[in-house]
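Because only heavy atoms are used, hydrogens play no part in the values below, and waters and symmetry mates are left out as well, while side chains stay in.
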Amino acid sequence: MIKGIGPANVGRPASEAMRVAGEAKAVDRANPARTADSAAAAPSLQVKQMVADGPPVAADRVAALRAAIAGGSYRIDADAIADRMVENDFPEGGR
């Protein structure tokens with residue numbers, strides 16, 4: 001896992017968003033004077049929509065990468081990948 005990204009964190013953002021949405025509902029139930037269209041409910045609806053939409057995907061970039069892989073022209077630069085991994089984990093110059 002690198003900086004919280006990897007198998008241990010799969011699904012975490014969605015579950016965290018749902019937890020926050022659930023807390024907002026609990027607050028609304030605790031205070032019946034609030035309505036569903038109150039200012040407090042708006043972030044909850046935004047979180048639910050973000051979870052439903054899923055992560056942003058650049059479809060054109062994905063298509064270009066798939067075409068390069070299928071055509072055999074996609075090359076992996078292991079040194080560049082390793083350098084970026086080290087840079088992400090040790091931004092102060094961990095070498």
Side-chain angles (χ1 to χ4, degrees):
M1 181 174 6
I2 298 172
K3 283 194 166 194
I5 299 171
N9 258 354
V10 171
R12 184 167 182 229
S15 63
E16 182 68 12
M18 294 308 290
R19 181 190 63 77
V20 171
E23 287 176 1
K25 284 182 182 177
V27 170
D28 288 344
R29 283 188 210 119
N31 184 358
R34 285 190 163 171
T35 62
D37 60 349
S38 70
S44 173
L45 296 174
Q46 290 173 341
V47 169
K48 286 181 182 180
Q49 186 61 47
M50 288 170 43
V51 170
D53 290 346
V57 177
D60 56 335
R61 178 78 174 129
V62 171
L65 288 170
R66 285 185 179 175
I69 292 168
S73 63
Y74 182 76
R75 300 287 179 243
I76 297 172
D77 184 351
D79 289 334
I81 292 170
D83 287 344
R84 184 61 67 98
M85 290 172 69
V86 170
E87 184 180 303
N88 284 340
D89 278 348
F90 303 103
E92 299 84 28
R95 287 189 175 204

**Student:** Measure the CG-CE distance between Asp89 and Met85 for me, rounded to the nearest 0.5 Å.
**Tutor:**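 Going from CG on Asp89 over to CE on Met85, the span is 7.0 Å.
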
**Student:** Transitively linked via ILVMFWY side-chain contacts under 4.5 Å: Val62 with Tyr74?
**Tutor:**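 They do not share one cluster, since no chain of ILVMFWY contacts under 4.5 Å joins Val62 to Tyr74.
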
**Student:** Check whether more than 12 heavy atoms from other residues, nucleotides or ligands sit under 6.0 Å from atom CD1 of Ile76, and answer yes or no.
**Tutor:**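 Open.
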
**Student:** Find out if a path of hydrophobic residues (ILVMFWY) with successive side-chain heavy-atom gaps under 4.5 Å connects Val57 to Met50.
**Tutor:**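 As far as the 4.5 Å side-chain criterion goes, Met50 and Val57 are not connected within one cluster.
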
**Student:** List for me each residue that meets side-chain hydrogen bond (donor to acceptor under 3.5 Å, both in side chains) alongside Asp60, sequence neighbours excluded, and say none if there are none.
**Tutor:**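 Asp60: no side-chain hydrogen bond (donor to acceptor under 3.5 Å, both in side chains) contacts found.
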
